[in-house]
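Take a look at the structure set out below.
Every value quoted in this text rests on a predicted model; they were computed, and no experiment measured them. Reminder, nothing fancy here: chain letters follow the sequence lines and each chain counts from 1.
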Protein chains: 2
Amino acid sequence: MTKIKESSTRNYNKGLSELACPVTYVMNKIGGHWKPIILYHLMSGPKRYSELKRAIPAITEKMLIQHLKQLQDDKLVTRKAKDVVPPYVVYSLSKSGESLTPVLTAMVAWAVRDNKRYSQVSA
Amino acid sequence: MTKIKESSTRNYNKGLSELACPVTYVMNKIGGHWKPIILYHLMSGPKRYSELKRAIPAITEKMLIQHLKQLQDDKLVTRKAKDVVPPYVVYSLSKSGESLTPVLTAMVAWAVRDNKRYSQVSA
DNA sequence: CATAATACATACTTTGGGGTAAGTACTTGT
DNA sequence: ACAAGTACTTACCCCAAAGTATGTATTATG
């Protein structure tokens, strides 16, 4: 959870720029080292917690649920749990989450072009 | 400058995800609380250092040059200085920088729609 | 003589993101 | 009896990004 101090210039600025700058609004939602990766994996369909875990071996469980929670709070993914034991939890993209796809693909397209542009120089 | 330790898991992961995830590649370039704002202001044309400073009153001078430098290192903006006194320095978008515009506008479009979606509920 | 304006630089502190490691509850398989 | 799999939680540490504050060189202007 790691509660955040409401005061502090940091947070004040964060709030301001989120209001003022839509790009920052987006980044606060999909930023963080794991969120785009998680979103990417959910784009190919709903996944169980353990499936995501196996699909992203480098992520720790703490980071995984932490980001999944934030993504839920930001209404980008939805969680569905069957109340059985062993637990069965499925995460999937919400409508907002799905509508992010073109944004992410635009980023990917740019990244590929940009990377090519400079890797050729140094290669 | 704030040199970064080359070792450390943090950086290792950062490097990995930048290779593996194009989205992260983009975010490492336009992430940080001020970069998108700076880029936005440069999209309306080249600007002097002091113009940027006045256009973004909340930013400190340290943050401004720091990010301008990183944007230069990432080949997104170019710096042109006339060697006169008082100094006259102009920053403008590079080709890569300009090619980012559709990405940023895609983000903006999504942000506006997404924000509308939920502000209506709580309004 | 001192202040303003230009475009920075640099030392210092804070804090939130990310990482490590370990524990929880409940059941099935050996 | 105990290890393994499910989906988490919790306490703790580290560090890089962000912020605060001050200094620099030069010239013009009151």
Side-chain angles (χ1 to χ4, degrees), chain A residues 1-17 24 27-38 47-72 77 79-91, chain B residues 1-17 24 27-38 47-72 77 79-91:
Chain A
M1 293 287 107
T2 335
K3 249 178 236 172
I4 357 158
K5 268 185 197 162
E6 292 294 330
S7 54
S8 89
T9 323
R10 278 280 249 303
N11 244 281
Y12 178 70
N13 274 340
K14 198 161 183 174
L16 268 189
S17 42
T24 305
M27 305 239 259
N28 286 341
K29 291 189 188 292
I30 67 171
H33 277 81
W34 300 107
K35 282 186 197 168
I37 296 154
I38 294 172
K47 295 272 179 308
R48 291 187 62 180
Y49 173 82
S50 50
E51 287 182 290
L52 286 171
K53 203 181 118 185
R54 272 190 294 272
I56 316 169
I59 201 174
T60 64
E61 303 198 44
K62 181 200 168 192
M63 284 296 108
L64 184 52
I65 13 144
Q66 192 176 98
H67 284 118
L68 281 171
K69 264 189 191 162
Q70 291 175 15
L71 290 168
Q72 286 174 72
V77 319
R79 196 190 99 115
K80 257 159 212 161
K82 289 183 186 166
D83 198 7
V84 293
V85 69
Y88 191 95
V89 181
V90 176
Y91 292 92
Chain B
M1 289 290 108
T2 336
K3 249 177 237 173
I4 357 159
K5 268 185 197 161
E6 292 294 331
S7 54
S8 88
T9 323
R10 277 282 249 302
N11 245 280
Y12 179 69
N13 274 340
K14 199 163 185 172
L16 269 189
S17 42
T24 305
M27 305 240 259
N28 286 342
K29 291 191 189 290
I30 67 171
H33 277 82
W34 300 106
K35 282 186 195 167
I37 297 154
I38 294 172
K47 296 272 180 309
R48 292 188 60 180
Y49 174 83
S50 50
E51 286 183 290
L52 286 171
K53 203 180 118 184
R54 271 190 295 273
I56 316 169
I59 202 173
T60 64
E61 302 199 46
K62 183 200 168 192
M63 284 296 109
L64 184 51
I65 14 143
Q66 193 177 97
H67 284 118
L68 281 171
K69 265 190 191 159
Q70 291 175 16
L71 289 169
Q72 286 173 72
V77 319
R79 195 190 98 114
K80 257 160 211 160
K82 289 181 188 168
D83 197 6
V84 293
V85 68
Y88 191 95
V89 182
V90 177
Y91 292 92

Without decimals, in angstroms, what is the distance between B/Leu64 CG and D/dT20 C1'?
16 Å
Quick one: do A/Gln72 and A/Lys69 satisfy side chain to side chain contact (heavy atoms under 4.5 Å, CB included)? Show the steps, please.
CA-CA 5 Å; A/Gln72 286 174 72; A/Lys69 264 189 191 162; 4.2 Å; yes
Which nucleotide in the list D/dA18, D/dT6, C/dT6 gets nearest to the side chain of A/Ser50?
D/dT6
Whole-Å distance, B/Ile59 CD1 to C/dA7 P, equals 15 Å
Think A/Trp34 has a side-chain N or O under 4.0 angstrom from the OP1 or OP2 of C/dG17?
no
How long is the line joining NZ of B/Lys62 and P of C/dA11, in whole Å?
12 Å
DNA chain C: B/Arg54 or A/Gly32, which has the more 5' nearest nucleotide?
B/Arg54
B/Met27 CE to C/dG18 C1', in whole Å, measures 15 Å
Any A/His67 side-chain nitrogen or oxygen under 4.0 Å from OP1 or OP2 of C/dG17:
no
Starting from C1' on D/dT24, measure out to OH on B/Tyr49 and report it in whole angstrom.
13 Å
Does B/His33 place a side-chain N or O at less than 4.0 Å from the phosphate oxygens OP1/OP2 of D/dG19?
no
Taking C/dA7, D/dA7, C/dC8 as options, the one with an atom nearest any side-chain atom of B/Tyr91 is C/dC8
Using a cut-off of less than 4.0 Å, is there contact between a side-chain N or O of B/Arg48 and OP1 or OP2 of C/dA7?
yes
Gap between atom CD1 of B/Ile38 and atom CD of B/Gln70 - 0.5 Å precision:
9.0 Å
Nearest whole angstrom, please: distance from the P of D/dA16 to the CD of B/Gln70.
13 Å
Of all heavy-atom pairs between A/Ile30 and A/Pro36, which one has the smallest distance, and what is that distance?
O-CD, 3.1 Å
Without decimals, in angstroms, what is the distance between A/Asp83 CG and C/dT27 C1'?
14 Å
Counting only side-chain heavy atoms from C-beta out, which of C/dC8, D/dT6, C/dT6 sits nearest to B/Arg79?
C/dC8
When you check the phosphate oxygens OP1 and OP2 of D/dG19, does a side-chain N or O of B/Thr60 lie under 4.0 Å from one of them?
no
Rounded to whole Å, please give me the gap between CD in B/Glu51 and P in C/dA5.
15 Å
Can you tell me if the side-chain N/O atoms of B/Lys69 get under 4.0 Å from OP1 or OP2 in C/dA9?
yes
Qualifying side chain to side chain donor-acceptor pair (under 3.5 Å) pairs, either residue in residues 48-60 of chain A, two or more places apart:
A/Tyr49-A/Glu61
By nearest-heavy-atom nucleotide on DNA chain D, the more 5' of A/Ile65 and A/Val85 is A/Val85
